Amino acid sequence: AEDLLGISTLGFRGEALPSIASVSRFELITRENEALSGTHIKIEGGVLRDVREKGCPTGTQVIVRDLFHNVPARRKFMRTAETELAYITDQFLRIAMVENAIHLQLSSQERLIHDFPKVSDRAQRASQVLGQELSKSLTPFEFEKNSIRVSGYLASPHVQRTNSQGLYLFVNGRPVWDRLLQRTVLTAYEALIPRWKFPVGVLFVELPPGTIDVHVHPAKREIRFRNPGEVIETVREATLLALASSRPASFSSPSRAES
């Protein structure tokens with residue numbers, strides 16, 4: 001039971017693949033590192049159609065076609081193909097940003113949309129995801145205080161977006177949607193960008209696993225900090241220092257703000 005208080009892997013809900021396979025034409029091709037051959041599984045509408053050995057590279061490929069073909073009532077609740085693809089792409093990019101040691105590809109309608117070969121560090125992956133031109137404006141930073149380590153890349157204030165999708169937030173390698181963290185980053189850009197505009201940045205927060213609860217949301221999008229004030233204060237200091245060179249001289253530094 002104590003393992004639940006120190007989860008350090010992303011994991012995912014065990015019923016996810018069977019649930020998807022029950023409402024689609026589903027294929028899974030997988031091979032472990034030490035295996036001589038892989039396995040190819042085909043399932044249609046929850047019915048196992050074929051299992052066979054297959055020569056394939058190391059790793060796992062999941063192919064989902066005709067989602068909800070056998071339950072048209074569920075399909076009515078799906079949005080347009082473009083909207084659903086946008087949701088998938090956003091999730092894919094957030095996973096890709098942190099998993100730089102894995103070669104990731106995203107395809108739709110037989111068209112390759114994103115292809116990110118594995119790279120040696122997060123800076124190279126940020127360049128792949130955000131683009132080389134934008135990555136030139138990124139300021140790398142690292143900051144540590146009270147066993148909380150904050151690192152990442154913040155774009156120059158002249159790089160602005162109309163929404164917050166350009167902010168990539170991670171806690172212990174997990175993509176999260178956290179209002180407090182997002183608001184803290186936005187505060188660091190105060191007086192640097194206009195209101196209702198959003199910056200571009202990548203923020204990695206690392207802290208002991210036992211100090212966060214990852215079971216708040218079924219999709220694991222939200223987390224809960226045991227000491228949120230301490231975490232937010234550390235992130236605030238880190239981001240203000242990272243943007244210090246872009247800030248007007250009259251604006252308070254972290255040390256002045258604390259005093």
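Numbers here are sequence positions counted from 1. Remember, predicted model here, so these are calculated numbers, not experimental data.
For the residue pair Thr184 and Thr187, no side-chain donor N or O sits within less than 3.5 Å of a side-chain acceptor on the partner. Side-chain contact check for Arg226 and Thr211: no donor-acceptor pair (N or O, by modelled atom type) lies under 3.5 Å.
Using a 4.5 Å cut-off on side-chain heavy atoms (C-beta onward), Val23 and Arg74 make no contact. A heavy-atom distance below 4.5 Å is not found between the side chains of Glu142 and Val150. Side-chain contact between Leu241 and Phe143 is present, with at least one heavy-atom pair separated by less than 4.5 Å. Put simply, the side chain of Thr239 reaches to within 4.5 Å of the side chain of Val235, judged on heavy atoms. Leu203 has its side chain within reach of Phe141: a pair of non-hydrogen atoms, C-beta onward, lies under 4.5 Å apart. Counting heavy atoms from C-beta on, the side chains of Val200 and Leu134 come closer than 4.5 Å. With a 4.5 Å cut-off on side-chain heavy atoms, Glu206 and Val171 do not count as touching. Residues Ser24 and Leu67 have side chains in contact (heavy-atom distance under 4.5 Å, counting atoms from C-beta outward).
Taking OG of Ser137 as the reference point, atom CG of Leu130 lies at 8.5 Å (rounded to 0.5 Å). Atoms CG and OG, on Leu243 and Ser156 in that order, are 9.0 Å from each other to the nearest 0.5 Å. Remark: Glu190 CD to Arg195 CZ distance equals 10.0 Å, nearest 0.5 Å. The CZ atom of Phe92 lies 11.0 Å from the CG atom of Leu85; values are rounded to the nearest 0.5 Å. To the nearest 0.5 Å, the span separating OG on Ser22 from CD1 on Ile43 amounts to 9.0 Å. Taking OG1 of Thr162 as the reference point, atom CZ of Phe198 lies at 8.5 Å (rounded to 0.5 Å).
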Problem set entry | Stepwise side-chain hydrogen bond (donor to acceptor under 3.5 Å, both in side chains) check, Thr80 with Thr83 | CA-CA 5 Å; Thr80 65; Thr83 301; 2.9 Å; yes
For this session: For the pair Arg174 and Asn172, evaluate side chain to side chain contact (heavy atoms under 4.5 Å, CB included) and give the outcome as yes or no after the intermediate values.
Result: CA-CA 6 Å; Arg174 182 187 303 275; Asn172 288 359; 5.7 Å; no
Exercise. Which is it for Thr89 and His114 under the side chain to side chain contact (heavy atoms under 4.5 Å, CB included) test, yes or no, and what are the steps along the way?
Worked result: CA-CA 9 Å; Thr89 302; His114 291 294; 3.7 Å; yes
Problem set entry | Derivation and outcome, side chain to side chain contact (heavy atoms under 4.5 Å, CB included), residues Glu230 and Glu233 | CA-CA 5 Å; Glu230 186 178 48; Glu233 177 61 22; 5.9 Å; no
Exercise. Trp177 and Leu167: side chain to side chain contact (heavy atoms under 4.5 Å, CB included), yes or no, with the steps?
Worked result: CA-CA 10 Å; Trp177 284 257; Leu167 280 179; over 6 Å; no
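Pairs engaging residues 126-137 under the salt bridge (Lys or Arg N to Asp or Glu O under 4.0 Å) rule: Glu133-Lys136 [sequence neighbours left out]. Here salt bridge (Lys or Arg N to Asp or Glu O under 4.0 Å) pairs that include residues 177-188, with residues two or more places apart or in two chains, number zero. Pairs of residues two or more places apart, or lying in two chains, never qualify as salt bridge (Lys or Arg N to Asp or Glu O under 4.0 Å) while including a residue from residues 96-109.
Residues passing the side-chain contact (heavy atoms from CB on, under 4.5 Å) test with Pro194 are Gln160, Lys197, sequence neighbours excluded. Partners of Gln124 by side chain to side chain donor-acceptor pair (under 3.5 Å), not counting sequence neighbours, listed by chain and number: Ser120. Qualifying side chain to side chain donor-acceptor pair (under 3.5 Å) partners for Ser151, counting only residues two or more places apart in sequence or in other chains: none. Listed by chain and residue number, nothing satisfies the salt bridge (charged side-chain N to carboxylate O under 4.0 Å, His left out) test with Arg79 (two or more places apart in sequence, or in another chain). Considering only residues two or more places apart in sequence or on other chains, Thr60 meets the side chain to side chain donor-acceptor pair (under 3.5 Å) condition with Thr30. Contacts of Asp50 classified as salt bridge (charged side-chain N to carboxylate O under 4.0 Å, His left out), with partners at least two apart in sequence or in another chain: Arg52. The side chain to side chain donor-acceptor pair (under 3.5 Å) search around Asp90 returns Arg94, not counting sequence neighbours.
In the displayed structure, Arg49 atom CZ is contacted under 6.0 Å by more than 12 heavy atoms of other residues, nucleotides or ligands. A 6.0 Å sphere centred on CD of Glu144 holds more than 12 heavy atoms belonging to other residues, nucleotides or ligands.
Leu207 and Tyr168 fall into different hydrophobic clusters, where Ile, Leu, Val, Met, Phe, Trp and Tyr are joined by side-chain heavy atoms under 4.5 Å apart, directly or via other members. Neither Val64 nor Ile95 shares a network with the other; the hydrophobic side chains, linked directly or stepwise wherever heavy atoms of I, L, V, M, F, W or Y lie under 4.5 Å apart, form separate groups for each. Criterion: ILVMFWY side-chain heavy atoms under 4.5 Å apart, direct or through other members. Under it, Val98 and Ile223 are not part of a common hydrophobic cluster. Residue Val176 is grouped with residue Leu186 when hydrophobic side chains (ILVMFWY) are merged at heavy-atom distances under 4.5 angstrom, including chains of intermediate members. By the criterion of side-chain heavy atoms lying less than 4.5 angstrom apart, applied directly or through intervening Ile, Leu, Val, Met, Phe, Trp or Tyr residues, Leu48 is grouped together with Leu17 in one hydrophobic cluster.
By the 30° and 60° cut-offs, the orientation of the rings of Tyr153 relative to Phe204 is perpendicular.
Taking every heavy atom of both residues into account, Met97 and Phe170 meet most closely at CB-CZ, 3.6 Å. Closest approach of Ile63 to Arg65, counting heavy atoms only: CG2-NH1, 3.4 Å. Contact detail for His69 and Gly45: the closest heavy-atom pair is CE1-N, 4.1 Å.
No donor-acceptor distance shorter than 3.5 angstrom exists from the side chain of Asp66 to the backbone of Glu44, with no hydrogens or angles considered. In this structure a side-chain-to-backbone donor-acceptor pair under 3.5 Å is present from Asp121 to Ala123. Between the side chain of Asn146 and the backbone N or O of Ile148, no donor-acceptor pair lies under 3.5 Å. Distance alone, capped at 3.5 Å, is enough to place a donor-acceptor pair between the Arg125 side chain and the Ala96 backbone.
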N/O donor to acceptor pairs below 3.5 angstrom from side-chain atoms of residues 103-111, sequence neighbours left out:
residue: His103; atom: NE2; partner: Asp115; partner atom: OD1; Å: 2.6
residue: Gln105; atom: NE2; partner: Asp115; partner atom: OD1; Å: 3.3

Show me the donor-acceptor pairs, under 3.5 Å and distance only, between side chains in residues 34-42 and residues at least two apart or in other chains.
residue: Ser37; atom: OG; partner: Glu53; partner atom: OE1; Å: 3.4
residue: His40; atom: NE2; partner: Glu27; partner atom: OE1; Å: 2.8

